[in-house]
Structure formats: structure tokens, C-alpha cells
Student: 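The following block contains the structure, expressed as C-alpha cells.
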Amino acid sequence: MQSTTLLILGGGPGGYVAAIRAGQLGIPTVLVEGANVGGTCLNIGCIPSKALIHAAQEFHQLAQFAGGSPLGIHAPSATIDIARAVAWKDGIVGRLTGGVAALLKKNGVQLVKGWARVIDGKTVEVLPSVKQEGQPLRIACEHLLLATGSQPVELPFMPFGGSVLSSTEALSPAHLPKSLAVVGAGYIGLELGMAYRKLGVQVAIIEAQDRILPTYDADLSKPVLMALKKLGVTLHLSSRVLGMDQADRVLRVQDPEGKETALPVEQALIAVGRRPRTEGLESLMLDMDGPAVRIDEQCRTSMHNVWAIGDLTGEPMLAHRAMAQGEMVAEVISGKRRRYSPVAIAAVCFTDPEIVSAGLAPQDAVQAGLDCISAVFPFSANGRAMTLESTDGFVRVVARRDNHLIVGWQAVGRGVSELSAAFAQSLEMGARLEDVAGTIHAHPSLGEAVQEAALRALGQALHI
Ligand SMILES: Cc1cc2nc3c(=O)[nH]c(=O)nc-3n(C[C@H](O)[C@H](O)[C@H](O)COP(=O)(O)OP(=O)(O)OC[C@H]3O[C@@H](n4cnc5c(N)ncnc54)[C@H](O)[C@@H]3O)c2cc1C
């Protein structure tokens, strides 16, 4: 039996960041990871999806130049070697996961490869196989940090396998299918669906609700809807998938009137959500919030010295939330006084156009009983957006009417993911409209739309 002060289960962005910080703080730390360090985020999530989206965008852009362009560019024909694109993506993943392994080592964290099964709050068995077979290694600890993440939700009548894909398989295509049905119009489905369409695949999206991106407000999702239509993606809203006949390559879909139609597709990507990964943790019998482990503002679970972070603890399932929680837990264990209470966590949807939302949207503010003003600045009035040929979209600010405290930012447009830093900083620092309006923003930049939205909320917009 080995023993340590801190034992972390799961080496995703939550677990590995907690381990690095704990190592920096001198806490003896063991990190157990069954697959690869970096977790979902670096291996099969955030990074590979953004790499594929970039490759698809570059190919699409070149293909568009085949018929000439207003910029005077003509590129007769574009082809893509998808195996090479996937290898390039894998190279980025390898560099990042290798970097994480090096950081763990540098900070004195012991990495144990294997699948953990919790015996009790202070003892864990690590087995070489995910099926929990083989010779176990026992590790005892003072603090146990659960960071086992999440996994894709499977449709019981359409299990993953063959031509039914999860996002993991869709991120490493051996070949590009002629047609792909994407089940679920949340951010993962739309990001990958758009990328596949840009790679030349016929894409149909099936969504049970009556609009795409149901968790974002309609003003933000509208430009994405228009972009999907322009790309030629077929949308089946208020529709349900009934099953797939893999031999005949037919997806059965029920339309809003209840009529069943057969959609010919080569592959189906199921992107209907993710659920916390609790296998191996059952013996702890922790208090739960639905499928997620319940935590308090210091990420403590219902058991003394057992902590939980990241996707395992439910929404928002975002890498930067997991990292922030992991860093904080390490500091609390080291004796620092910390709690996890962000004003806002920015969420980005890497569609084309991109969406970013931080804090309250106007309707959230109404629901919260706040009297707010909101103002929009369109990219059609922003010089930088024109030079990037992307004038669709806008920046919106929401602020309290009485003291002008900014409570929310939203934006939609090409490249707006980079505005998320400015949004999150202004919210965390308690900025007022006057602070942002009075900050000199570089010209020409998309950031000027941020300043102009604040100016407009004050009735002082200059460029509209
Ligand atoms: C396609 C896709 C795109 C995404 N894009 C974004 C994005 O752009 N931005 C963003 O913020 N988020 C994105 N996410 C979500 C993001 O990946 C997760 O929120 C994040 O990875 C959660 O981190 P985590 O540390 O909680 O868990 P994970 O990253 O899931 O890591 C958990 C780790 O624990 C390991 N593990 C599980 N059980 C055991 C066990 N019993 N023993 C040992 N090891 C175990 C797993 O192998 C895994 O490596 C995306 C997800 C997907 C699928």
C-alpha cells in the first residue's frame, strides 16, 4: 500500500491543474489517470475540435475562392487529405498532453496510470483495465479529489458503434462520409456539424427543441442559424430521432407533426449531451445533484476530505471552470482561505460566427428582478470587422440602470471568442459602463465594438 496527502482521480483540466498547484504548494500528490493526461479537453474535446474547425475553415475558404472573390483571389481547386489533417490535429494534442506530463513531473506529482475504484474516502484501488480487472495497486490518502469528468450520453436505441458516432470518433475521421446526421443542436453538435459541412459533407441536424442552441438567447443564435442555412445544412427542428438502420444507412426521424421520415445518411453523430462519470465512485455514496456530485463553494462533497471538481459536478461543463476549481481546491487543502464564487464564467460556442456569453443576458436580468439597460453595437459599423469580411453580428452589454454596474456581455460574430477575456475581466472587476466607455480601445479592432456598446448604453455612441 502506497500513501500520499492528496490523491486525485482523473487527469483532465480539473485534475491536472489541481495536481500542478498542489505540487507547487509542496503537497505530496498522486494523480491517477486511466486514459491520457489532459482528459476530455486536450485529447477528445476542446483542442481537437478547434483544430478540426480550423482545418475545415481553411479548406472551405479556399474552396470558396474557386469562383473568384471580391478580394481578387482565385484558387482553382482545393482538396483535403483528411488523414493528414487528423495527424496535424493529433500532433497538437501530443504537444499539449506531453507538456502537461512534463509540468506534473516538474512539480513533483506522481502520475499513476490506471483506472481507480474507490474503496472508501481514504483508500483507492488502481487497476490496469477500465473493466476493473487485473492486479490492483492500493493507495491511501488524507484528501481525495474526484475529477473524473464526463462522458457522452448514448441514445439507448442507437448505441455508439459502426456508423453511430460520438464526438470522439467524429474528431478522428478515417475518411469523410458523404453525409452525416447530427443529433442535437447544442454547441458540440453545431461546431462539428459546421466543420463537416465545410469539409464538403452533406449535413442534416436533428433537434428535439424548436431552435438551435437552446441554452443561448435567440438573438445570439439567429446569425448562426442564418450561417447554417447559407452553408446548406438541413435543419429538422422539433423532430425526434427514432433509430438508425445501419445496413440500409437510413435514419428514422419523427417530424413535428408526428410523421415518420427516412433520412438517408452514411453516419450519425450523437451530440445530445454529456453526463458526469461516476463509475468507480459508487462506494462513497455521496450526496448528488441529479447525476452530478453535490459540492459546496469550496468543492467539498458530503464526505469529510473528499472533494469534487469539473464536469463530475455538473453544469456548466467547461474546461476553464474545472481548472479554476482545481486550482482553488489545492489552495484550500494547503491551508489558504479560498472559495469558488466567480461573478461569471464565459461560455463560447465556436461556430461560425462564434458566440460568447458572460454573465446575464437582458432576459436573465429581468428574471433576477434587476432593472437593467442593455445596448447593442453591430459589427456592420466596425472597421476591423469590414476588413475581415465579417460584419454579421454584434456586441451587447447589460448593466444596472441605477449604478451602471455591468452584469452581462454577449457577442456573436467571427473571432468574438477572443473578447471573452475582456468580458470576464470587466465582470470580475465590477466595471461600470463608464469604465469600459472611458478605456481607450485600439483601432481598428473588434474590441472597439465593446467600448461602443458601453457608450451606446450611456446614450453616447460615436460610430452609430
Ligand atoms: C467535443 C467537445 C468539445 C468541447 N469544447 C470545449 C470548449 O471549447 N471549451 C470548454 O471549456 N469546454 C469544452 N468541452 C468540455 C470540456 O472538455 C470539459 O468541460 C472538460 O474537459 C472537463 O474537465 P474535467 O477535468 O472535469 O474532466 P475530463 O476532461 O473529462 O477529465 C476526466 C479524466 O478522468 C479520467 N477518469 C475518469 N474516470 C477515471 C477513473 N475511474 N480512474 C482514472 N481516471 C479516470 C478520464 O480518463 C479523463 O481523462 C468540450 C467537450 C467536448 C466533448
Side-chain angles (χ1 to χ4, degrees), residues 7-19 30-53 97 100 111-118 124-132 136-137 139 144-153 165-172 182 184 186-193 195 269-283 292-293 295 299 308-327 329 345-351 354-356 417 420:
L7 177 57
I8 303 172
L9 308 188
Y16 85 69
V17 166
V30 174
L31 173 67
V32 180
E33 170 56 59
N36 295 313
V37 286
T40 303
C41 171
L42 297 192
N43 293 285
I44 50 169
C46 321
I47 295 295
S49 61
K50 271 77 245 181
L52 193 73
I53 287 167
T97 54
V100 168
L111 179 60
V112 174
K113 214 70 197 146
W115 294 96
R117 183 174 62 202
V118 175
V124 167
E125 270 187 356
V126 183
L127 298 117
S129 148
V130 71
K131 291 185 186 133
Q132 309 208 321
L137 164 75
I139 308 176
L144 178 61
L145 172 54
L146 311 174
T148 50
S150 63
Q151 54 198 13
V153 170
L165 318 179
S166 74
S167 54
T168 303
E169 295 78 47
L171 286 168
S172 291
V182 179
Y187 85 92
I188 292 178
L190 288 194
E191 286 183 8
L192 293 177
L269 162 62
I270 310 298
V272 295
R274 297 182 63 82
R275 66 174 175 80
R277 187 164 179 173
T278 50
E279 293 86 11
L281 314 179
E282 300 85 350
S283 64
V293 171
I295 49 167
C299 296
I309 54 173
D311 285 10
L312 177 68
T313 62
E315 297 290 347
M317 290 193 187
L318 293 169
H320 39 294
R321 169 177 174 263
M323 292 191 224
Q325 291 177 323
E327 186 260 353
V329 168
I345 304 173
V348 176
C349 178
F350 288 84
T351 41
E354 294 174 346
I355 296 177
V356 52
S417 55
S420 64

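These figures come from a predicted structure and were not determined experimentally. Order of listing sets the numbers, starting from 1, for every ligand and every atom in it.
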Student: Kindly confirm or rule out an N or O of A116 lying under 3.5 angstrom from an N or O of ligand 1.
Tutor: yes
Student: Can you confirm, on distance only, whether ligand 1 has an N/O atom lying under 3.5 Å from any N/O atom belonging to K50?
Tutor: yes
Student: For N36, does its backbone N or O pair with a side-chain atom of K113 as donor and acceptor, under 3.5 Å?
Tutor: no
Student: Between T148 and L281, is there a side-chain heavy-atom distance shorter than 4.5 Å?
Tutor: yes
Student: Does at least one non-hydrogen atom of G114 fall below 4.0 angstrom from an atom of ligand 1?
Tutor: yes
Student: Relative to the heavy atoms of G39, which atoms of ligand 1 are at a distance of less than 4.0 Å?
Tutor: 29 (O), 31 (O), 48 (C), 49 (O)
Student: Give the atom numbers and elements of ligand 1 that come within less than 4.0 Å of a heavy atom of A322.
Tutor: 23 (O), 26 (O)
Student: Say whether I188 and ligand 1 are in contact under the criterion: heavy-atom distance to a ligand atom below 4.0 Å.
Tutor: yes
Student: At a 4.0 Å threshold, what atoms of ligand 1 neighbour a non-hydrogen atom of G310?
Tutor: 26 (O)
Student: Any nitrogen or oxygen of S167, side chain or backbone, less than 3.5 Å from one on ligand 1?
Tutor: no
Student: Between A319 and ligand 1, is there a nitrogen or oxygen pair with a distance under 3.5 Å?
Tutor: yes
Student: Can you find an N/O atom of G45 closer than 3.5 Å to an N/O atom of ligand 1?
Tutor: no
Student: Would one find an N or O of H320, backbone or side chain, under 3.5 Å from an N or O of ligand 1?
Tutor: yes
Student: Does Y187 reach ligand 1, in the sense of a heavy atom lying below 4.0 Å from it?
Tutor: yes
Student: Would G280 count as a contact residue for ligand 1, given that I'm defining contact as a non-hydrogen atom of the residue lying under 4.0 Å from a ligand atom?
Tutor: no
Student: Is L171 close to ligand 1, meaning an N/O of one under 3.5 Å from an N/O of the other?
Tutor: no
Student: What residue among T97, I8, V37, V100 forms side-chain contact (heavy atoms from CB on, under 4.5 Å) with Y16?
Tutor: V100
Student: Mind checking whether M323 has a heavy atom under 4.0 Å from ligand 1?
Tutor: no
Student: Using non-hydrogen atoms of the residue, decide whether E191 is closer than 4.0 angstrom to ligand 1.
Tutor: no
